[in-house]
Amino acid sequence: MNILVTGGAGYIGSHLVRVLASAGHACVVYDNLCSGHAAAIRGTQLVEGDINNHEALAAALRGHNVEAVIHLAALIEAAESVENPGRYFRNNSLGGLTLLEAMRSAGVAKLVFSSTAAVYGQPERIPICEEDRTDPINPYGASKRCVEYMLEAFARAYGAGFVSLRYFNVAGAAPEGDIGEDHRPETHLIPLVLQVPLGRRGSVKIFGEDYDTPDGTCIRDYIHVMDLAAAHVLALEAIEPGQLKVFNLGNGQGFSVREVIEACREVTGHEIPAESAPRRRGDPPKLVASCQKAETELGWRRQFADLQTIVAHAWNWHKSHPNGFA
Ligand code: UFG
């Protein structure tokens with residue numbers, strides 16, 4: 001299929017483009033490069049444009065005979081979204097609407113949407129299932145949930161077909177080690193911990209050690225970026241006209257912040273000093289996915305499920321590219 005990947009030059013997008021190409025799809029990346037890196041998608045066509053530019057989107061869809069869209073372009077910092085909600089609703093929610101309308105005008109009726117575990121807010125149970133209550137606790141999660149509502153309405157009104165994938169904590173890098181995570185500034189746990197053995201920081205902060213979890217630190221479900229990418233290929237095949245299907249994408253297993261730091265120590269052989277810090281605003285104590293639906297309905301199987309492998313692949317990338325794509 002001819003696929004337009006919005007936000008395709010970002011961390012997840014660049015891995016996704018690689019996986020789509022090896023599955024035989026032709027990709028065009030649409031990205032404003034505000035956080036993406038052209039160097040991450042060498043050899044893939046890049047259209048530079050903003051997600052709120054209807055004309056540029058419609059032209060890209062028509063000009064490349066696009067048959068399906070995978071929509072990743074978004075701002076992703078939950079904490080920043082609390083300080084600057086307008087920016088998040090404009091980029092993520094309004095951007096989603098602009099894209100849907102551009103798709104309608106170009107006659108493209110298939111889309112896979114990058115959603116997030118943040119739509120659940122404080123989960124009512126663990127593991128979290130897709131039908132559980134959604135009640136986002138920050139504008140980031142709300143801005144993504146808004147788009148899911150739009151998808152539901154557009155599917156019903158126009159017969160378009162959509163899949164929304166709710167990502168848990170995406171980590172790791174391509175096993176080849178040539179692409180990986182390069183956020184500026186970096187806020188995610190694993191790349192921050194790995195900055196210590198890289199010599200870029202002296203220690204890592206643990207945000208809160210008084211949560212109601214076995215070791216007092218937050219528990220998250222870490223999913224390898226290549227496994228996450230592979231689910232999008234299956235999601236494309238699962239699209240049905242007039243429907244929105246929703247799937248969680250995680251590992252189904254939770255690890256605490258302390259356990260992640262320990263895994264990084266084992267992989268890198270570095271002692272990685274950790275210091276206690278106050279809780280970070282808006283962090284739920286525990287987020288773990290039930291991924292049964294993706295396994296059963298999409299036939300999704302994870303290839304790199306264990307945390308050591310996820311960290312080892314991330315380390316491989318950071319070690320060989322200490323300055324990222326710079
Ligand atoms: N953490 C630390 N120290 C750090 C960085 C993070 O202790 O230096 C902790 C956080 O408090 C959290 C855990 O490590 O408990 C994971 O934090 P990340 O920032 O790596 O990831 P989040 O769980 O906050 O965020 C992820 C996605 C978001 C999404 C969210 C859904 O990156 O886009 O899951 O809840 F919104």
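Numbers here simply count residues along the sequence, with the first being 1. The model shown is predicted, which means the values in this text are computed figures rather than measured ones. Indexing begins at 1, ligand by ligand and atom by atom, following the structure's order.
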* Numbering as shown, the atoms of ligand 1 that approach Ile76 to under 4.0 Å (heavy-atom distance) -> 33 (O)
* Which residue holds the protein heavy atom closest to atom 22 (P) of ligand 1, what is that atom called, and what is the gap in Å? -> Asn169 ND2, 3.5 Å
* To do: Using a strict cut-off of 4.0 Å, indicate which atoms of ligand 1 neighbour a heavy atom of Lys205.
  => 2 (C), 3 (N), 4 (C), 7 (O), 8 (O)
* To do: Would you mind checking if Asp178 and Arg42 are paired as a salt bridge, meaning a charged N to carboxylate O distance below 4.0 Å?
  => no
* To do: Please report which non-hydrogen protein atom sits nearest to atom 11 (O) of ligand 1, along with the residue it belongs to and the distance in Å to one decimal place.
  => Asp283 OD2, 2.5 Å
* Between Glu83 and Arg281, is the closest basic N to carboxylate O distance under 4.0 Å? -> yes
* Please could you name the atoms of ligand 1 that Ile206 approaches to less than 4.0 Å, counting only its heavy atoms? => 7 (O)
* Heavy-atom distances under 4.0 Å are what count here, so tell me which part of Phe168 touches ligand 1: side chain, backbone, both or neither. => neither
* **Distance from atom 31 (C) of ligand 1 to nearest protein heavy atom, with residue and atom** => Ala118 N, 3.6 Å
* Any idea which of Val257, Val260, Asn138 brings a heavy atom closest to atom 13 (C) of ligand 1? -> Val257
* **Side chain to side chain, Leu194 and Glu186, heavy atoms closer than 4.5 Å** => no
* Could you check atom 36 (F) of ligand 1 against the protein and tell me its nearest heavy-atom contact, residue, atom and distance included? => Tyr140 CE2, 2.8 Å
* Asked: Given that the side chain starts at C-beta and the backbone is N, CA, C, O, which of these parts of Tyr222 lies under 4.0 Å from ligand 1, counting heavy atoms, or is it both or neither?
  -> side chain
* Side chain to side chain, Ser164 and Leu244, heavy atoms closer than 4.5 Å -> yes
* Asked: Please state which protein non-hydrogen atom is closest to atom 8 (O) of ligand 1 and give its distance, to 0.1 Å?
  -> Leu192 CD1, 3.4 Å
* **Arg145 to Tyr149 six-membered ring, cation-pi geometry met (6.0 Å, 45°)** => yes
* Asked: When rounded to the nearest 0.5 angstrom, what is the spacing between OG in Ser81 and CD1 in Ile76?
  -> 11.0 Å
* Calculate, to the nearest 0.5 Å, the distance between atoms CG and CZ belonging to Leu100 and Phe162 respectively. => 5.0 Å
* Asked: Using a distance-only test with no angle check, is there a side-chain donor-acceptor pair under 3.5 angstrom linking Tyr88 and Glu80?
  -> yes
* Can you tell me how far CG of Leu298 sits from NZ of Lys245, rounded to the nearest 0.5 angstrom? -> 8.0 Å
* Hey, what do you get for CH2 (Trp300) to NE2 (His232), rounding to the nearest 0.5 Å? -> 10.0 Å
* Asked: So do Glu67 and His25 actually touch side chain to side chain, heavy atoms under 4.5 Å?
  -> no
* **Contact check: Arg280 vs ligand 1, nitrogen or oxygen atoms, below 3.5 angstrom** => yes
* Structure fact -> When distances are taken from atom 15 (O) of ligand 1, the protein heavy atom at minimum range is Cys218 CB, 3.0 Å
* Asked: Where on His188 is there a heavy atom closer than 4.0 Å to ligand 1, on the side chain, on the backbone, on both, or on neither?
  -> both
* Mind checking whether Thr187 contacts ligand 1 via backbone (N, CA, C, O), side chain (CB onward), both or neither, at a 4.0 Å heavy-atom cut-off? => backbone
* **atom 35 (O) of ligand 1 [closest protein heavy-atom partner, distance rounded to 0.1 Å]** => Leu287 CD1, 3.2 Å
* Asked: Given that the side chain starts at C-beta and the backbone is N, CA, C, O, which of these parts of Leu189 lies under 4.0 Å from ligand 1, counting heavy atoms, or is it both or neither?
  -> both
* Should the pair Glu101-Arg104 be classified as a salt bridge under the 4.0 Å nitrogen-to-oxygen rule? -> no
* If you measure every N/O of Phe207 against every N/O of ligand 1, is any gap under 3.5 Å? -> yes
* Asked: What is the closest protein heavy atom to atom 30 (C) of ligand 1, and at what distance does it sit?
  -> Thr116 OG1, 4.3 Å
